[in-house]
Structures are given as structure tokens and as C-alpha cells.
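Let me begin by presenting the structure, written as C-alpha cells, before commenting on it.
In what follows, chains carry the letters A, B, and so on, assigned in the order in which the sequence lines appear, proteins first and then strands, with residues in each chain numbered from 1. Atom set for the values below is all heavy atoms of this structure, side chains included, hydrogens, waters and symmetry mates excluded.
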Amino acid sequence: MSRIEIKFKSLRETGRKALIPYVTAGDPVAAVTVPLMHDMVKAGADIIELGVPFSDPMADGPVIQKASERALVHGISLHDVFAMVKEFREKDNETPVVLMGYLNPIEVMGYASFAKQAGTAGVDGVLTVDLPPEEGSEFVAELAKYELDPIFLIAPTTTDARIKKLCSAASGFVYYVSVKGVTGAATLDAGAVADKMTAIRKHTDMPVGVGFGIKDAESAANVGAVADAVVVGSVLVNQADLNQDNPEAVSPAICTILTDIRQALDKLVK
Amino acid sequence: MSEQQADYMNMPDERGHFGPYGGRFVSETLMAAIEELTEAYEIAIKDPEFLAEFDHDLQHYVGRPSPLYFAKSWTEKLGGAQIYLKREDLNHTGAHKINNTIGQALLAKRLGKKRIIAETGAGQHGVATATVAARFGMECIVYMGAEDIQRQALNVYRMKLLGAEVVPVTSGSATLKDALNEAMRDWVTNVDTTFYIIGTVAGPHPYPAMVRDFQAIIGREAREQILKQAGRLPDALVACVGGGSNAIGLFYPFLNDTDVKIYGVEAAGDGLETGHHAAPLCAGQPGVLHGNRTYLMEDPNGQIIETHSISAGLDYPGVGPEHAWLKDVGRVEYVAIDDKEALAGFHDLSRIEGILPALESSHALAYVTKLAPTMKKDQIIIVNLSGRGDKDIHTVAASEGIEF
Ligand SMILES: Cc1ncc(COP(=O)(O)O)c(C=O)c1O
């Protein structure tokens with residue numbers, strides 16, 4: 001069983017919801033990331049989504065765009081990201097790590113080489129925002145060789161036929177983007193999310209995570225009531241922005257928010 | 001033509017692939033809109049009513065057909081092949097861009113979308129989009145890099161006069177690629193109400209094929225005109241390549257005429273060897289950006305790098321996927337012209353033919369000054385004069401140290 005499967009299985013047994021924080025690797029400086037990953041686990045993170053910086057993050061709002069820019073000032077590359085995951089694995093062999101980013105850095109590295117290095121470093125899943133399953137079969141096949149889960153996004157605009165296609169291409173979990181828009185932009189509509197959950201669950205038994213538009217304990221609890229996992233990004237990354245001149249303050253600021261959300265999610269446990 | 005002649009005109013496949021290039025690399029939120037657009041476009045392009053409306057607008061609103069003009073003085077001066085200019089600069093709004101915006105605006109109307117967004121570099125596509133939006137009574141938002149807003153102040157004001165909102169983009173390098181990113185972000189957010197009019201043969205399928213089909217009027221006319229005026233096909237075609245829409249528009253109807261040599265001219269900026277250029281076909285590698293796989297300017301880690309060209313319309317790190325394919329199969333030869341050579345081309349045409357060309361088009365002209373003397377006097381070159389140069393007067397003046 002993969003780390004992601006094991007994680008969701010144990011969460012299911014206790015009725016808890018997965019908390020998945022997103023942070024950009026190397027933001028605001030490389031030294032912050034690995035200790036931050038450990039701190040987030042202590043603060044209640046179940047899975048870590050690690051953003052791979054890209055020069056043209058088309059699906060991201062200003063907060064995560066700036067995070068990419070800060071990381072790229074220091075030249076953070078996929079190689080650095082692999083090294084971070086490897087270092088994280090020295091002390092934590094249980095918490096799944098999902099890389100999230102755009103296709104081009106992976107294209108340039110080559111799918112086979114990427115999959116091998118990611119697998120060796122201890123990565124568990126890969127989410128490439130701009131790679132729909134129609135274009136992804138070759139990539140998914142390479143990931144499979146190293147038991148890496150391809151995570152695909154489902155959007156509010158996704159038709160039933162496409163939900164089916166996306167669910168059959170994905171493994172590990174599927175990720176529902178709760179709002180039309182870029183990361184960090186709008187506030188989600190909990191009712192609409194619940195409706196879409198029903199549609200998605202018709203096509204898959206896989207856990208469903210929901211992200212985009214989750215800003216605090218309240219919105220997290222609303223989503224947690226219908227989803228298996230809650231992804232929180234921009235509010236956390238914003239702490240890296242606010243504390244960019246004082247990197248030591250980044251992790252405590254992020255973990256304060258996470259602790260709050262963790263408590264709200266755990267209140268849902270019956 | 002031999003019987004086993006390759007067919008260069010049957011691309012892309014049904015999923016938008018030109019060999020390994022093209023495709024649809026976008027976030028899931030946009031897939032439904034792209035599928036809807038593909039369907040609408042495939043129906044429209046075969047619908048006599050749509051085609052009649054498109055032709056009518058091209059004739060009466062744009063002023064087509066654009067002349068194919070024999071540049072006698074310039075030909076004599078260069079002393080080689082006969083040079084014909086395809087006068088897209090004489091179109092309404094002053095460039096080829098309007099051919100495409102008319103086509104896409106008609107599609108937007110069919111889809112019932114009343115909000116139009118666009119990206120622009122030189123401002124020509126922004127102006128052409130604002131123009132059709134005004135005419136169809138649609139709301140129009142144009143994203144433009146803050147850097148480009150500086151160098152193309154005239155076009156920015158033109159767009160405003162036409163009722164468009166011009167939104168400065170300050171992220172990344174604040175040029176065309178960032179304007180495209182921002183337009184994509186807007187599209188994802190307002191996908192239900194909004195039609196994204198992309199200005200070149202890039203983006204996810206169906207844009208590269210669709211924009212080509214709307215621009216191919218350039219080559220169809222040129223083919224007919226040269227047969228009438230010279231009684232035969234040309235020996236060479238030359239066009240500048242930014243995203244590649246004016247070039248593919250001229251080239252496409254000639255692709256299977258394999259005796260016609262075809263040259264696409266990229267921007268060499270300060271020179272290919274300096275790295276400060278915008279020539280992905282001549283000096284880049286394949287990758288994925290803005291919805292398609294194509295040649296890109298990128299670093300070894302796959303980050304897109306900043307480009308440089310004196311002409312804002314060529315200052316883009318990617319290129320349409322059909323050009324990537326035409327390069328690999330060897331049907332089109334891609335070359336590069338630097339800023340200085342382009343400026344010389346600008347001055348040559350101004351003084352010798354009395355035509356101020358756009359700096360983008362000046363790259364094609366500069367290549368003709370190299371190519372024509374190597375050819376015989378009875379040979380023919382058609383060069384695409386994709387736009388007029390009024391918008392560039394400030395840039396040209398600045399290059400000579402003149403300020404107004
Ligand atoms: C006059 C003119 N020519 C050429 C271009 C480059 O675009 P494309 O390569 O798509 O024709 C532009 C772009 O703004 C332009 O304004």
C-alpha cells in the first residue's frame with residue numbers, strides 16, 4: 001500500500017478528515033522548507049503538498065505567484081525539491097508528500113528521469129495543473145513504474161463524462177477545485193461543493209480532497225463535512241510573504257493557522 | 001508534384017496535435033470551455049452562412065482583398081529577385097490581426113458570450129480586438145504587460161478610445177507572455193461569460209488551427225494575385241514570426257507547393273549569440289507553455305526566460321505549434337534578424353517605397369534584403385507586410401536618440 005492509501009485508511013478508521021497544507025518549496029528561502037514540513041506535521045498536517053516553483057504559474061493568484069518568484073530568485077529547481085523531500089524522509093517516513101506544479105520543468109527533465117528521481121526521493125503523488133489526462137498517458141505510465149500517484153483536478157465546470165475519465169486516470173485521491181478561478185481568489189460556496197461531491201462519488205471510491213477558497217477554520221469545517229480532505233494554500237503562503245524578511249517567523253505563523261483548522265476539523269469527528 | 005508528395009495541409013489531428021506539438025495543456029476548469037469552442041469552430045468553419053458573414057466583413061469592414069504590390073524600386077535597388085509585398089498594413093486597424101479577431105468575434109456571438117478578453121504585446125491585437133468588440137457591442141478587457149504599455153503608448157490610447165479597458169500586467173517580466181498568463185487567469189475566473197480571443201496561432205487546441213484558418217485568407221489571396229499578376233507561383237515566401245499568425249496565414253495555402261521555398265523570420269534581438277533574443281525556433285528547445293507543446297525559450301530547469309526584441313509583437317518566448325512541426329519536417333526554414341537589421345529594413349522600405357512598415361514586419365523585410373540578391377532576376381519573392389509602422393515611430397526615434 002502506498003503512503004497515501006495508508007494515510008487515508010487510518011483516517012477513515014478514526015473518522016478524521018485529512019488536512020493538506022500547500023507551501024511552495026524554497027519560499028522565502030530554501031532553508032525554511034524542510035523544518036516547516038516537519039512543523040506542519042506536528043501541527044496536524046496529514047499530507048504535504050509541496051509546490052514546485054515555475055516562472056509562469058497560470059493557474060495561481062498573486063499570493064502563490066509571488067511565492068514562485070521568491071523561490072526562483074534563489075534558483076530553486078526540481079533537483080532542490082527532490083533533495084528537500086529526501087531530507088524530510090530521513091525523519092518522517094509516513095507523511096505523504098505530493099508535488100504540485102506545472103508541466104514544463106518536468107518535460108525538460110524528461111518523464112522517466114523525473115519519475116525515477118521523485119520516487120527515489122520519497123515523493124508519493126504528483127499533481128501537474130496543466131496536464132489533463134488526455135495528454136498525460138505517457139507521464140502516468142512513467143509515474144506508475146515508481147508507484148507515484150497521479151493526482152488530477154476536477155473543476156466546477158467538469159462534465160460528468162470528464163469526471164469519469166479523470167477518476168479512472170487518477171490514483172491516491174482526486175482533488176476538487178471548489179471555485180472557478182485561480183488559487184487564493186474567491187470564497188467557496190459550501191452548498192455547491194456538496195452537490196459536486198455527490199456527482200464525483202458516483203464515479204469513484206477514492207478519497208476526495210477539496211481545495212481553492214479555503215481560508216480559515218470555518219470554511220475548512222464546512223468543506224470537511226462533505227469531503228475527505230481539505231487543502232489549504234494561499235492563506236499559508238501569505239505568511240511567507242508577510243515574513244519574508246524574517247524567515248524564522250514563517251513556520252510558527254503557518255502552524256498557528258494550521259492548528260486552528262485542525263481543531264475545527266477534529267470537531268467534526270463524531 | 002510527385003504522387004507520393006507529403007501533405008502538409010492535413011494538420012492538426014482531431015486532438016490538436018501537429019506531430020509531437022500542439023495539444024491541450026490547460027487546467028481542468030478550462031476544458032469544458034475549450035471543448036465548447038472546438039465544437040462551435042468545427043461547425044462554423046463548414047457553415048456557408050458563417051463563412052459568408054466572415055467574407056462579407058473581411059471585404060467591407062477590413063477592406064480585403066489587400067493588394068499584392070510589386071515593389072519595383074526596392075527590387076531594382078537590391079538587384080535580384082522581384083519582390084512583392086502583401087499589404088496587410090492596409091487593413092482596417094493597420095495589421096493582419098483583424099482577420100482573426102473578426103472570425104473569433106463572430107464565434108463569440110454564436111456562443112452568446114458578451115465579454116471579450118485578449119492579451120496584447122505590440123497592441124495591434126489589442127486594438128483589433130477592441131475594434132470588433134466595439135462593433136459587436138461587447139465588453140472588452142485587454143491585458144498588456146506594463147513594459148509594453150510604456151513602449152506602445154499610442155496603441156494603448158487607441159484601445160481606450162475604442163471603449164476597451166487596458167489592464168497593466170506587472171507579474172513576471174511584464175511583457176506579452178505575462179499578459180497571456182493574466183488573460184488565462186481571467187478566463188478561468190469568468191469562463192461562463194467570457195470569450196478569450198487569442199491573438200496568434202498559439203494556445204490550446206483549437207486556437208492554433210482556428211487562428212490559422214482565419215488568417216489563411218492572406219495566402220489564398222496572395223496565391224491568386226501572383227498567378228494573375230506574374231502568371232506563376234512565387235519562388236519564395238518570407239514572413240516574420242512572433243507567435244506565427246501572419247506567417248502561417250501566408251504560408252499555409254502554399255505548403256503543398258513544394259517548389260516554393262518558405263522562410264520564417266524570428267527576432268534575434270541583440271543577436272542569437274547574446275541570449276537576448278526572441279527566437280525559440282532558431283535557438284530554443286521544445287517544452288509546454290500556454291496550453292501547447294512547442295519550441296520555447298527556457299533555462300535548463302524548464303523556467304521560461306525573458307526575451308528581447310525591439311519589436312513588442314515578436315517579444316514572446318514561444319511560437320505556434322504548427323511552426324514547430326514545419327521546422328522539424330523541414331518544410332519551412334526559420335532564420336533570425338537582429339534589432340539593427342530590422343531597423344535598417346524599416347528605413348529601407350520607408351525611403352525606397354514610401355511605406356512605413358511595422359517593426360515586426362521589418363524583420364521579414366530585412367531578411368529579403370539578404371535573400372533577394374542571391375536569387376535570379378526572374379525569380380519572385382512574396383513578403384508579408386504584416387502591419388504599418390505608425391505605432392513604432394517612438395521606438396524608431398528613440399533608437400536615433402530623438403525624443404518628442
Ligand atoms: C504587425 C505585426 N506583425 C507581426 C506580429 C507578430 O505576430 P504573429 O507572429 O502572430 O503574426 C504582430 C504582433 O503584434 C504585429 O503587430
Side-chain angles (χ1 to χ4, degrees), chain A residues 52-62 65-66 68-69 71-72 75-81 101-110 114 128-136 138 152-159 161-163 165-166 174-177 179-183 185-186 212, chain B residues 14-17 20 22-36 169-173 177-194 203-205 284-294 296-306 317-318:
Chain A
V52 180
F54 183 50
S55 55
D56 294 80
M58 274 173 297
D60 286 299
Q65 284 172 42
K66 279 193 258 164
S68 256
E69 285 176 16
L72 287 175
I76 300 297
S77 69
L78 268 174
H79 296 287
D80 299 308
V81 176
Y102 295 81
L103 187 59
N104 200 49
I106 298 174
E107 279 264 320
V108 168
M109 177 171 276
F114 169 85
T128 31
V129 181
D130 53 351
L131 182 68
E134 286 88 341
E135 301 284 355
E138 216 181 296
F152 285 103
L153 299 175
I154 294 174
T157 51
T158 306
T159 57
R162 286 192 62 79
I163 293 179
K165 190 187 290 185
L166 288 157
V174 295
Y175 184 148
Y176 177 59
V177 175
V179 292
K180 289 174 208 149
V182 292
T183 50
F212 284 44
Chain B
E14 73 282 358
R15 282 166 56 226
H17 292 133
R24 278 176 176 156
F25 296 87
V26 293
S27 62
E28 177 59 26
T29 310
L30 292 177
M31 285 303 284
I34 284 171
E35 283 175 357
E36 177 190 52
V169 178
T170 51
S171 57
S173 57
K177 83 170 170 78
D178 309 285
L180 233 147
N181 291 338
E182 211 52 41
M184 288 272 189
R185 292 179 187 123
D186 179 313
W187 197 22
V188 167
T189 309
N190 302 293
V191 62
D192 297 332
T193 57
T194 298
H205 179 63
Q285 299 92 40
V288 171
L289 181 71
H290 295 151
N292 66 96
R293 182 179 285 120
T294 187
L296 298 175
M297 305 263 304
E298 58 192 351
D299 74 9
N301 293 320
Q303 308 296 346
I304 308 306
I305 53 182
E306 285 186 28

Please flag which part of [X] lies under 4.5 Å from any non-hydrogen atom of chain A: side chain, backbone, both or neither.
X	value
B/Pro300	backbone
B/Leu296	side chain
B/Val191	side chain
B/Gln285	neither
B/His17	side chain

Pick one of side chain, backbone, both or neither for [X], based on which atoms fall under 4.5 Å of a heavy atom in chain B.
X	answer
A/Glu134	both
A/Pro53	backbone
A/Leu72	side chain

Would a 4.5 Å heavy-atom cut-off, applied to side chains only, mark [X] and [Y] as touching?
X	Y	answer
B/Trp187	B/Ile34	yes
B/Leu30	B/Met184	yes
A/Phe152	B/Glu28	no
A/Asn104	A/Glu107	yes

Just by modelled atom types, is the B/His205 backbone N or O under 3.5 Å from a matching donor or acceptor in the B/Arg24 side chain?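 The answer is yes, because a donor-acceptor pair under 3.5 Å joins these two groups.
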
Establish, from distance only, whether the side-chain atoms of B/Ser171 and B/Asp178 form a donor-acceptor pair under 3.5 Å.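 Looking only at side-chain atoms, B/Asp178 and B/Ser171 do not form any donor-acceptor pair under 3.5 Å.
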
Please enumerate all residues that pass salt bridge (charged side-chain N to carboxylate O under 4.0 Å, His left out) together with B/Glu298, with sequence neighbours excluded.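 None.
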
Among the listed options A/Leu78, A/Val179, A/Leu166, the residue most often paired with chain B at heavy-atom distances under 4.5 Å: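 Ranked by heavy-atom pairs under 4.5 Å with chain B, first place is A/Leu166.
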
Just so I understand: if I count every heavy-atom pair under 4.5 Å between each of A/Pro105, A/Pro62, A/Ala59, A/Gly75 and chain B, which residue has the most?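 Ranked by contacts with chain B, first place is A/Pro105.
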
Which one of B/Asp299, B/Asp192, B/Asn190 has the most heavy-atom pairs closer than 4.5 Å to chain A?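 It is B/Asp192.
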
Report the residues that fulfil ring pair (Phe, Tyr, Trp, His ring centres under 6.0 Å) with A/Tyr102, sequence neighbours left out, ordered by chain and then residue number.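 In terms of ring pair (Phe, Tyr, Trp, His ring centres under 6.0 Å), with neighbours along the sequence ignored, A/Tyr102 is linked to A/Phe54.
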
